[in-house]
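Not measured: the values here are computed from a predicted model. Side chains included, hydrogens not; waters and symmetry mates left out as well; all remaining heavy atoms used.
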Amino acid sequence: MNQQTAPLVPPIPPHRFTVPLSATRRGARLARVLAAEQLCAWGLPPDPARLVVAELAANAVLHGQVPGRDFRLTLLVTRSGTLRIEVVDLSGDRLPARSAAADAALAESGYGLLLVEESADRWGVRTGPGPGKAVWAEIDYPGHVARARPEADRASANAPVGRA
């Protein structure tokens with residue numbers, strides 16, 4: 001009997017959007033706007049994801065900037081309805097962590113990841129194999145089951161966007 005095996009390629013998620021953005025304040029603002037528009041197009045509420053994207057993008061610009069290099073925003077909705085937000089920058093030497101500054105009275109910074117922690121169901125950091133890091137957060141949307149998109153939508157969702 002002749003058996004054929006399927007290639008070991010993971011299935012394409014029902015909803016995926018990824019875009020490179022300049023590591024500037026304008027790029028961080030654009031990340032928030034694009035994320036909100038994409039979530040609305042998918043029928044998902046933009047909040048609290050918009051806040052999470054804003055904080056992760058701002059951190060990529062402030063702490064993960066490598067001169068002349070962009071950061072990348074990826075939104076992914078799984079079939080079970082979980083939104084994964086991922087911001088990738090090329091600075092792998094400064095990994096984010098829960099900050100003691102957020103607990104200190106009168107602290108002027110250090111609240112970004114606290115907001116992410118409070119707004120998302122899960123968050124973390126992924127490093128390597130190459131340089132850089134990905135800071136991710138997941139938000140569960142109970143009752144939302146993502147449906148597969150037509151092939152044409154997959155191509156347009158991943159179309160490159162110019163520098164911010």
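- Remark: Arg84 CZ is packed, more than 12 non-hydrogen atoms of other residues, nucleotides or ligands lying under 6.0 Å away.
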Can Asp140 and Arg122 be said to form a salt bridge (charged side-chain N to carboxylate O under 4.0 Å, His left out), step by step?
CA-CA 9 Å; Asp140 297 327; Arg122 293 164 295 286; 2.7 Å; yes
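- Annotation: Arg25, atom CZ; neighbour count of heavy atoms from other residues, nucleotides and ligands within 6.0 Å does not exceed 12.
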Decide side-chain contact (heavy atoms from CB on, under 4.5 Å) for Phe71 and Val88; before the verdict, give the C-alpha distance in whole Å, the side-chain angles of both, and the deciding distance to 0.1 Å.
CA-CA 6 Å; Phe71 71 93; Val88 178; over 6 Å; no
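- Connection of Val52 to Val33 is not established within any shared hydrophobic cluster, with ILVMFWY side chains joined at heavy-atom distances below 4.5 Å, either directly or through further cluster members.
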Could you walk me through whether Asp70 and Ser22 satisfy the side-chain hydrogen bond (donor to acceptor under 3.5 Å, both in side chains) test, starting with their C-alpha distance in whole Å, then the side-chain angles of each, then the deciding distance to 0.1 Å, before giving a yes or no?
CA-CA 5 Å; Asp70 297 339; Ser22 65; 5.6 Å; no
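- When each of Val53, Thr18, Val19 is tested with Leu75 by the rule side-chain contact (heavy atoms from CB on, under 4.5 Å), just one qualifies, namely Val53.
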Set out, in order, the CA-CA distance, both residues' side-chain angles and the distance that settles side-chain contact (heavy atoms from CB on, under 4.5 Å) for Glu138 and Trp123, then state yes or no.
CA-CA 6 Å; Glu138 293 181 338; Trp123 77 274; over 6 Å; no
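- A continuous path of hydrophobic side-chain contacts links Val61 to Leu21 [ILVMFWY only; heavy atoms under 4.5 Å].
- Side-chain N or O atoms of Thr82 include none that pairs as donor or acceptor with a backbone N or O of Thr78 at under 3.5 Å.
- Partners of Arg29 by salt bridge (charged side-chain N to carboxylate O under 4.0 Å, His left out), not counting sequence neighbours: none found.
- Of all non-hydrogen atoms in Ile139 and Ser119, the two that sit nearest each other are CG1-O, 4.3 Å.
- A side-chain donor-acceptor contact under 3.5 Å links Tyr141 to the backbone of Pro45.
- In this structure, Arg126 forms no cation-pi arrangement with Trp136, as its terminal cationic atom is not both closer than 6.0 Å to the ring centre and no more than 45° off the ring axis.
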